[in-house]
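Atoms within a ligand are numbered from 1 in the order they appear, just like the ligands themselves. All heavy atoms count here, side chains included; hydrogens, waters and symmetry mates do not.
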Amino acid sequence: MSTAARIAVVTGGGRGIGAATAVRLAEDGHTVAVVDRDAEACADVAARIAAAGGRALGIAADVSDHGDVTAAVARIADELGPPVILVNNAGLTRDAPIEELTEDDWDQVMATNLRSAFLVTREVRPHLDRWGRIVNISSMAALGTRNQANYCAAKAGIQGLTKALALELGPEGITVNAVAPGYIATELTATNAANLGVSIDKLQRVVAAQTPLRRVGQPEDIACTVAFLVSEGAGFITGQVIAVSGGLMPG
Ligand code: NAD
């Protein structure tokens, strides 16, 4: 897989899938802007990358906030150069059955998972000059999971956004794809287990048993797929949703 060094932005890069993706893109030679609303977490990931000989900048920003996004992308362009790889990864869950789902649960999930991808992509777009890679992190939950109406709608929205932008930006040499992770072992899924009152080990054993590849996913499984999609070699793939779930389908 050949890669030219580029400037990459990873949102929600402070932990979990975003952190693994930031590390992997840096290993592939890219300069990485690690954007997260948790200032300490993104600074830590940037420091880890630098300690391993890579180039990274931690940027504290809430990617659902227009002002924060404008300032973050301006700083990236100023300090690192034009960002041409974008991984829209920031996300969270607020699960509840529909009758208990609050407007705040709905709005927070939409803002963090979907509005953020719109805001950051719009801000990065002027920097894409006849080459660009956008990867949006969706979820297998886009196909429907219980007690996650807000999250499923946002992640299905991500897939629509991906397909619309693939059509719109394709003529400019910009690919836009989505990755749909299955169950990945991160703080997000650990928190979900805690909210359900289930032990994380037990939940992971149950999920692994239902998964054709008989294990849960690791953040690096997603990072690896993103690394491929942003590579030169993936330049004829656009508008696709790649499931990375060990074969697990939601149900
Ligand atoms: P995580 O909770 O471990 O990490 C998410 C990171 O995003 C955190 O560092 C958090 O601070 C940051 N973040 C949240 N809201 C933000 C905001 N408004 N602005 C900036 N940063 C923000 O989560 P994860 O499991 O690594 O998930 C990453 C992405 O993958 C999410 O979009 C999630 O929906 C998706 N996903 C995860 C799984 C899974 O099983 N873990 C499955 C499918 C999809």
- Message: What verdict does the side-chain hydrogen bond (donor to acceptor under 3.5 Å, both in side chains) test give for N192 and T93, after you've listed the backbone C-alpha separation in whole Å, the side-chain angles of each residue and the deciding distance to 0.1 Å?
- Response: CA-CA 8 Å; N192 288 349; T93 53; 3.1 Å; yes
- Where do N88 and T121 land on the side-chain hydrogen bond (donor to acceptor under 3.5 Å, both in side chains) test, with the steps shown first? CA-CA 8 Å; N88 284 310; T121 302; 3.1 Å; yes
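N177 and T162 share no side-chain donor-acceptor pair at under 3.5 Å. Under 3.5 Å, the side chains of T102 and D105 contain a donor-acceptor pair of N or O atoms. One side chain, S64 or D62, offers a donor N or O that lies under 3.5 Å from an acceptor on the other. Checked by atom type, the side-chain pair D95/Q148 shows a donor-acceptor distance below 3.5 Å.
The heavy atom nearest to atom 41 (N) of ligand 1, out of those in N192, T21, V244, T186, is found in T186. Nearest residue to atom 44 (C) of ligand 1 from A20, A154, S138 is S138 (criterion: closest heavy atom). Among V34, N88, N89, T11, the residue whose heavy atom sits closest to atom 31 (C) of ligand 1 is N89.
Using a 4.0 angstrom heavy-atom cutoff, A19 does not count as in contact with ligand 1. Using a 4.0 Å heavy-atom cutoff, K155 is listed among the residues neighbouring ligand 1. Residue contacts with ligand 1: N113 is included, with a non-hydrogen atom under 4.0 Å away. Contact analysis leaves A185 out of contact with ligand 1, as no non-hydrogen atom separation drops below 4.0 angstrom. No heavy atom of G217 sits closer than 4.0 Å to any atom of ligand 1.
Looking at D36 next to ligand 1, an N or O pair under 3.5 Å apart turns up. Ligand 1 has a nitrogen or oxygen under 3.5 angstrom from a nitrogen or oxygen of I184. The distance criterion of under 3.5 Å between nitrogen or oxygen atoms is not met by S139 with respect to ligand 1. For ligand 1, the polar-atom distance check finds an N/O of V63 within less than 3.5 Å of one of the ligand's N/O atoms. Ligand 1 has an N or O atom lying under 3.5 Å from an N or O atom of I17, backbone or side chain. Below 3.5 Å of separation, one finds an N or O of G182 facing an N or O of ligand 1. Taking any N or O of Y183, backbone or side chain, none lies under 3.5 Å from an N or O belonging to ligand 1.
At a heavy-atom distance under 4.0 Å, only backbone atoms of A61 (N, CA, C or O) approach ligand 1.
At the top of the distance list for atom 36 (N) of ligand 1, counting protein heavy atoms only, stands Y151 OH, 3.5 Å. The protein heavy-atom contact nearest to atom 18 (N) of ligand 1 is D62 OD1, 2.9 Å. Shortest contact from atom 8 (C) of ligand 1 to any protein heavy atom: R15 NH1, 3.3 Å.
Heavy atoms from other residues, nucleotides or ligands lying under 6.0 Å from CD of E79 number more than 12. Residue R214 places its CZ atom among more than 12 non-hydrogen atoms of other residues, nucleotides or ligands, all under 6.0 Å distant.
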